[in-house]
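Okay, structure first, notes after.
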Amino acid sequence: MDSLWDQVRARAANCCEYCRLPQWAAEFTFPVDHIRARQHGGTTEPDNLALSCPHCNAHKGPNVAGFDPMTDSLAPLFHPRRDRWHDHFAWSAATILGRTAIGRTTVDVLAMNAPEAVGRREALLEEGWRPDDG
Ligand SMILES: [Zn+2]
């Protein structure tokens, strides 16, 4: 029987559920994120777990919310189990755009468009990777 971690990886098709980076393009094995951090009472159950690349995981930490850079209002972070990626984010070449308060806040808190993250995606795009291929 697959471990819980294997199930999370398979469900995510081995891509970061925040920035969509594929595991095969990364140097390190992706950690499993507690969407609602254990510090905030989050449990280690499938509905509270998401595959996350090391970059997104490190920036998310125990955060569950942030401030929308457009309105400065408090907004929850993207919840991979409850929210649909395309409802909250869109691509502009290698840059991820936030379409909603949730999307903008998540891009900001997780530093999804940090120069190294965009640079890595630009290199992947040049190699023929397309983020929506699944
Ligand atoms: Zn990521």
Side-chain angles (χ1 to χ4, degrees):
M1 190 179 132
D2 288 350
S3 73
L4 182 55
W5 263 220
D6 289 339
Q7 291 175 35
V8 171
R9 281 177 209 293
R11 181 176 62 189
N14 256 312
C15 293
C16 174
E17 296 191 67
Y18 295 99
C19 76
R20 312 302 300 159
L21 186 73
Q23 172 70 72
W24 58 259
E27 194 175 343
F28 300 104
T29 302
F30 286 179
V32 171
D33 172 54
H34 284 76
I35 299 166
R36 175 174 162 181
R38 282 170 288 188
Q39 183 179 346
H40 297 299
T43 58
T44 304
E45 292 172 8
D47 284 354
N48 191 45
L49 299 174
L51 195 63
S52 172
C53 74
H55 176 93
C56 290
N57 194 251
H59 287 85
K60 180 172 173 293
N63 291 302
V64 292
F67 290 88
D68 178 356
M70 183 179 285
T71 64
D72 207 32
S73 298
L74 185 64
L77 295 182
F78 176 69
H79 192 301
R81 299 280 73 76
R82 295 179 196 155
D83 301 328
R84 292 173 54 218
W85 200 91
H86 288 97
D87 288 344
H88 297 284
F89 305 102
W91 291 102
S92 175
T95 299
I96 298 173
L97 306 176
R99 303 175 65 181
T100 62
I102 287 173
R104 289 188 299 268
T105 302
T106 305
V107 166
D108 194 50
V109 172
L110 273 58
M112 289 159 84
N113 292 321
E116 69 273 18
V118 173
R120 182 169 40 228
R121 290 195 292 266
E122 282 173 344
L124 290 172
L125 287 170
E126 282 175 22
E127 291 172 16
W129 170 71
R130 294 296 173 267
D132 293 332
D133 286 352

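Because the structure is predicted, anything quoted here is derived from the model rather than measured.
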Using every non-hydrogen atom in the two residues, find where [X] and [Y] come nearest and quote the distance to one decimal.
X: Ala75; Y: Thr105; result: CB-OG1, 3.4 Å
X: Val8; Y: Ala50; result: CG1-C, 3.9 Å
X: Ala90; Y: Arg99; result: CB-CD, 3.8 Å
X: Phe28; Y: Gln23; result: O-NE2, 3.0 Å
X: Ala37; Y: Pro62; result: CB-CA, 3.6 Å
X: Arg120; Y: His55; result: NH2-CB, 4.2 Å

Euclidean distance, [Y] [atom2] relative to [X] [atom1], rounded to 0.5 Å:
X: Thr44; Y: Trp5; atom1: OG1; atom2: CH2; value: 5.5 Å
X: Ile102; Y: Phe89; atom1: CD1; atom2: CZ; value: 8.5 Å
X: Cys19; Y: Asn113; atom1: SG; atom2: CG; value: 9.5 Å
X: Trp85; Y: Thr106; atom1: CH2; atom2: OG1; value: 11.0 Å
X: Ile96; Y: His88; atom1: CD1; atom2: NE2; value: 14.0 Å
X: Leu77; Y: Arg36; atom1: CG; atom2: CZ; value: 13.5 Å

Margin query: Would a single hydrophobic cluster contain both Leu110 and Leu74, if residues Ile, Leu, Val, Met, Phe, Trp and Tyr are joined by side-chain heavy-atom contacts under 4.5 Å?
Written below: no

Check: Does Trp24 share a hydrophobic cluster with Leu21, counting links as ILVMFWY side-chain heavy atoms below 4.5 Å and allowing steps through other members?
Finding: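 In one cluster with Trp24: Leu21, yes.
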
For the backbone of [Y] and the side chain of [X], can you confirm whether one donor and one acceptor N or O come within less than 3.5 Å of each other?
X: His79; Y: Ile35; result: no
X: Ser52; Y: Asp33; result: no
X: Arg11; Y: Pro46; result: yes
X: Arg81; Y: Leu49; result: yes
X: Asp72; Y: Phe67; result: no
X: Arg9; Y: Phe30; result: yes
X: Glu122; Y: Ala117; result: no
X: Trp91; Y: Leu97; result: no
X: Glu17; Y: Leu51; result: yes

Next item on the list: Find out whether Pro80 and Tyr18 are in side-chain contact, i.e. whether some heavy atom of one side chain is under 4.5 Å from a heavy atom of the other.
Entry: yes

Next item on the list: Flag the pair Pro22 / Leu124 as yes when at least one side-chain heavy-atom distance between them is below 4.5 Å, and no otherwise.
Entry: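 When only atoms from C-beta onward are counted, Leu124 and Pro22 do touch, with a gap below 4.5 Å.
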
Next item on the list: Might you work through the side chain to side chain contact (heavy atoms under 4.5 Å, CB included) test for Leu125 and Arg130, ending with a clear yes or no?
Entry: CA-CA 6 Å; Leu125 287 170; Arg130 294 296 173 267; 3.7 Å; yes

Next item on the list: Determine whether the side chains of Asn48 and Arg38 contain a donor N or O and an acceptor N or O closer than 3.5 Å.
Entry: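 No, Arg38 and Asn48 have no side-chain donor paired with an acceptor closer than 3.5 Å.
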
